[in-house]
J.: 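If you scroll down you'll find the structure; I have some questions about it.
Numbers restart at 1 for each chain; the letters A, B, ... are given by sequence-line order, proteins then strands. Here the structure is a predicted model, which means the values were calculated and not measured.
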Amino acid sequence: MSAIEALQRALAAEHAAVWGYGLVGAALPPAQQPLAASADQAHRAHRDALEETLRARRRTPVAAAASYLLPFPVSGPQSARALAAHLEQGTAANWYALLPAVTAPADRRLAVSALTDAATRGLQWRLLLPGEPSTVPFPGV
Amino acid sequence: MLLTRRQMLAGALQALAAVGLAGCRPFGRPAAHPKPHASPPQTDALLPLVVAERAVLKQYDDVLARYPQLLARVGVIRADHAAHLDALRGALAGPDRPAPEGPAFAPATPAAALAGLRATEANAAARLATACAFAAPARAALLGSVAACESAHLVLLR
């Protein structure tokens with residue numbers, strides 16, 4: 001995968017995560033709002049960083065889709081937490097795929113930092129989901 | 001992941017390709033590495049990370065030997081480190097170094113043990129992230145993923 005293609009895919013995943021956290025936040029109880037809000041902010045920051053990286057390379061960043069297909073219906077707190085874990089897993093996979101596609105240390109730093117964020121938040125959401133493994137040895141794989 | 005229909009099709013193909021490539025060791029030794037006795041042993045840049053990972057694993061063993069009641073909390077983390085050491089050793093091109101003899105990590109209380117493990121995880125994650133920034137492409141994903149996992153361990157050690 002080319003660096004540009006990998007950057008665009010990571011950006012598309014961040015667009016989807018920002019869209020998805022809109023649904024997540026609306027369905028969660030107050031106790032979990034801070035986690036959802038900080039995740040939403042982090043995904044927006046990563047989206048902006050990817051857009052900036054692509055513009056610096058004179059490429060047009062992919063736009064967000066008007067809507068996305070949900071992997072399952074979000075009907076309450078439990079499915080909202082499951083969607084949040086799913087969003088973190090999805091962004092982690094794209095950041096992981098970006099790592100071998102870029103060589104500039106700054107790009108690698110961005111990818112590791114975003115992968116770390118997604119792994120940490122994914123773990124936090126899974127701790128709130130019964131029957132899910134808490135930690136996974138290779139996030140993004 | 002939430003996807004548009006077009007991305008879903010592309011993603012499905014990518015997922016199939018990934019399944020086709022996946023083996024029991026996701027970060028196998030690249031084919032281009034020289035055989036251990038084909039030439040004089042050279043030090044691989046990965047070696048310090050293997051040595052450090054082995055030290056982290058030993059620190060968990062020391063903590064669990066002293067405070068077995070922490071097993072429920074840190075046993076899953078120790079298992080991650082064992083997987084990390086396996087993967088890093090699998091990617092190592094040159095010779096490994098034997099585990100050093102040293103004093104056991106002996107914190108005075110379980111709380112001190114957890115504090116020590118938190119510091120260890122933060123240091124390890126920072127070291128791996130820096131190595132990832134400058135690594136060859138074939139190793140960047142492994143180092144980045146291990147860094148992310150070890151940093152996430154802080155959530156379980158709070």
J.: Between A:Arg57 and A:Asp107, does any side-chain N to carboxylate O distance fall below 4.0 Å?
T.: yes

J.: Salt bridge between B:Arg54 and B:Asp61, side-chain N to carboxylate O under 4.0 Å?
T.: no

J.: What part of A:Val136 gets closer than 4.5 Å to chain B, counting heavy atoms only: side chain, backbone, both or neither?
T.: backbone

J.: Side chain from CB out, backbone as N, CA, C, O: work out which of these in B:Val155 comes under 4.5 Å of a heavy atom of chain A, or both, or neither.
T.: side chain

J.: Nearest 0.5 Å, please: how far is CG in B:Leu156 from CZ in B:Arg73?
T.: 8.0 Å

J.: Heavy-atom pairs under 4.5 Å with chain B: which of A:Ala114, A:Ala92, A:Pro100, A:Ala101 has the most?
T.: A:Pro100

J.: If I measure from the heavy atoms of chain B, does A:Leu115 come under 4.5 Å with its side chain, its backbone, both, or neither?
T.: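 Both backbone and side chain.
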
J.: What part of B:Ala135 gets closer than 4.5 Å to chain A, counting heavy atoms only: side chain, backbone, both or neither?
T.: both

J.: Select one option (side chain, backbone, both, neither) describing which atoms of A:Leu127 are under 4.5 Å from chain B's heavy atoms.
T.: side chain

J.: Counting only N and O atoms by type, is there a donor-acceptor contact under 3.5 Å from the side chain of A:Glu51 to the main-chain atoms of A:Pro61?
T.: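 Answer holds: no.
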
J.: Mind checking the NE2-OG1 spacing from B:His81 to B:Thr120? Nearest 0.5 Å is all I need.
T.: 8.5 Å

J.: Taking only residues two or more places apart in sequence or in another chain, which ones pass ring pair (Phe, Tyr, Trp, His ring centres under 6.0 Å) with A:His43?
T.: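 With sequence neighbours excluded, A:His43 shows a ring pair (Phe, Tyr, Trp, His ring centres under 6.0 Å) to A:Tyr21, given in chain and number order.
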
J.: Side chain from CB out, backbone as N, CA, C, O: work out which of these in A:Ser113 comes under 4.5 Å of a heavy atom of chain B, or both, or neither.
T.: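 Looking at A:Ser113, nothing touches chain B.
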
